[in-house]
Visitor: 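Before I ask anything, here is the structure I am working with.
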Amino acid sequence: MTFKNTIPALVMIVFGLFSCGGPTDIGKYEWSVREINGAPATQEQLAKLSLKFEAESKVTGQAPCDEFRGKAVYNKDKVKFTTLYTDQNSCDQGALQSAYLSSLENSATYTTTANRMVFFDKDGNITVEFEQKK
């Protein structure tokens, strides 16, 4: 291997060692909600909410009133949800449910670090924060 070939290889190795320590495929995990931007909720309420990416671009999860489902596609830093829907129309936590689902639908990008994932809208505002479900 010549010196010219060694430098790019070393750069790739160093970049790999110091890149973000988050999950490389968010679809391998089930996620619990830590916070929804603009939605006042207790930690107990948030702990019941979840998100799971499944095969064939399907997405499911737990909203405050009911389970939800829809479709989503993602790559290393972008995410796009279709309209998410539930079977139940209303409950006493309907405002929180609406905030959660619309926050997901408005998400455009995400970042991961360790066991955390944060979604952002197209303007860079945080929409939802998650942690890997235990």
Side-chain angles (χ1 to χ4, degrees):
M1 185 181 276
T2 67
F3 182 71
K4 287 182 182 179
N5 291 340
T6 305
I7 290 178
L10 287 173
V11 169
M12 294 294 287
I13 291 169
V14 169
F15 179 74
L17 290 174
F18 291 102
S19 64
C20 174
T24 56
D25 184 359
I26 61 174
K28 292 182 179 180
Y29 307 96
E30 187 169 357
W31 299 93
S32 296
V33 176
R34 292 181 43 85
E35 188 170 341
I36 301 169
N37 187 32
T42 66
Q43 289 302 312
E44 184 178 323
Q45 289 171 316
L46 293 175
K48 296 176 184 176
L49 310 182
S50 66
L51 174 67
K52 174 78 174 136
F53 295 92
E54 299 183 356
E56 300 176 10
S57 300
K58 293 180 183 174
V59 64
T60 61
Q62 183 63 50
C65 301
D66 200 3
E67 292 180 353
F68 69 88
R69 58 197 168 281
K71 294 214 177 223
V73 292
Y74 63 92
N75 63 22
K76 67 178 185 144
D77 64 352
K78 293 185 179 12
V79 64
K80 175 68 178 153
F81 291 87
T82 62
T83 299
L84 302 172
Y85 58 95
T86 66
D87 292 329
Q88 188 171 341
N89 291 327
S90 64
C91 76
D92 63 341
Q93 294 184 39
L96 180 57
Q97 177 156 309
S98 178
Y100 178 40
L101 297 179
S102 65
S103 291
L104 290 174
E105 291 168 353
N106 290 327
S107 297
T109 61
Y110 72 93
T111 60
T112 58
T113 56
N115 67 341
R116 302 277 171 89
M117 175 172 65
V118 180
F119 284 177
F120 302 88
D121 66 16
K122 63 181 176 58
D123 296 322
N125 301 306
I126 293 174
T127 56
V128 188
E129 296 181 45
F130 298 91
E131 66 183 351
Q132 286 177 21
K133 204 164 193 170
K134 297 174 183 172

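Just so you know, residue 1 is the first one in the sequence shown, and it goes up from there. Note: hydrogens, waters and symmetry copies are ignored here, and every other heavy atom, side chains too, is used.
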Visitor: Taking Ser107's backbone N and O only, do any of them form a donor-acceptor pair with Thr127's side chain (distance below 3.5 Å, no angle check)?
Guide: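 No, because the side chain of Thr127 does not come within donor-acceptor range (under 3.5 Å) of the backbone of Ser107.
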Visitor: Is the backbone of Cys65 close enough, under 3.5 Å, to the side chain of Gln97 for a donor and an acceptor to pair up by distance?
Guide: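 Side chain of Gln97 to backbone of Cys65: a pair is present.
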Visitor: Name the residue from Leu49, Leu104, Leu46 that meets the side-chain contact (heavy atoms from CB on, under 4.5 Å) definition with Val128.
Guide: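 By the side-chain contact (heavy atoms from CB on, under 4.5 Å) criterion, Val128 pairs with just one of Leu49, Leu104, Leu46: Leu104.
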Visitor: Please say which of Leu96, Val33, Ile36 ends up in a side-chain contact (heavy atoms from CB on, under 4.5 Å) with Gln45.
Guide: Leu96
Visitor: Same cluster or not: Phe120 versus Leu84, using hydrophobic residues (I, L, V, M, F, W, Y) connected whenever any side-chain heavy atoms lie under 4.5 Å apart?
Guide: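 Different clusters: Phe120 never reaches Leu84 through Ile, Leu, Val, Met, Phe, Trp or Tyr contacts under 4.5 Å.
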Visitor: Check whether any side-chain heavy atom of Glu54 sits under 4.5 Å from a side-chain heavy atom of Lys52, and report yes or no.
Guide: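 SC-SC contact between Glu54 and Lys52 confirmed.
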Visitor: Are Ile126 and Val79 co-members of a hydrophobic cluster defined by side-chain heavy atoms under 4.5 Å apart?
Guide: no
Visitor: Donor-acceptor pair, distance only, cut-off 3.5 Å: does the side chain of Ser103 make one with the backbone of Ala99?
Guide: yes
Visitor: Using a distance-only test with no angle check, is there a side-chain donor-acceptor pair under 3.5 angstrom linking Glu67 and Thr60?
Guide: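 No, Thr60 and Glu67 have no side-chain donor paired with an acceptor closer than 3.5 Å.
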Visitor: Taking Trp31 for the side chain and Gly61 for the main chain, is one N or O donor matched with an acceptor at less than 3.5 Å?
Guide: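 Absent.
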Visitor: Can you tell me how far NZ of Lys71 sits from NZ of Lys58, rounded to the nearest 0.5 angstrom?
Guide: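 Rounded to the nearest 0.5 Å, the NZ-NZ separation comes to 6.0 Å.
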Visitor: Do the side chains of Asp87 and Arg69 get nearer than 4.5 Å, heavy atoms only?
Guide: yes
Visitor: Nearest 0.5 Å please: distance from the NZ atom of Lys80 over to the CG atom of Asn106.
Guide: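 If I round to the nearest 0.5 Å, the distance is 8.0 Å.
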Visitor: Would you give the length of the straight line joining atom NZ of Lys78 to atom CZ of Phe119, rounded to the nearest 0.5 angstrom?
Guide: 13.5 Å
Visitor: Please give me the minimum heavy-atom distance between Lys122 and Ala108, naming the atom from each residue.
Guide: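 Minimum heavy-atom separation between Lys122 and Ala108: N-CB, 3.9 Å.
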Visitor: Does Asn125 use its side chain to pair, donor to acceptor, with the backbone of Asp121 at less than 3.5 Å?
Guide: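 It does not hold such a pair.
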Visitor: Do other residues, nucleotides or ligands put more than 12 heavy atoms under 6.0 Å from the NZ atom of Lys133?
Guide: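 Yes.
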Visitor: For Phe130 and Tyr29, I'd like to know if the aromatic rings sit close, meaning centre-to-centre distance below 6.0 Å.
Guide: no
Visitor: Looking only at non-hydrogen atoms, find the nearest pair between Phe53 and Ala72 and report the distance.
Guide: CE2-CB, 3.9 Å
Visitor: With rounding to the nearest 0.5 Å, note down the distance linking CD in Glu129 to CZ in Arg34.
Guide: 7.0 Å
Visitor: With distance as the sole criterion, is a donor-acceptor pair present between the side chains of Tyr85 and Asp66 under 3.5 Å?
Guide: no
Visitor: Membership question, hydrophobic clusters at under 4.5 Å side-chain separation (ILVMFWY): are Tyr74 and Met117 in the same one?
Guide: yes
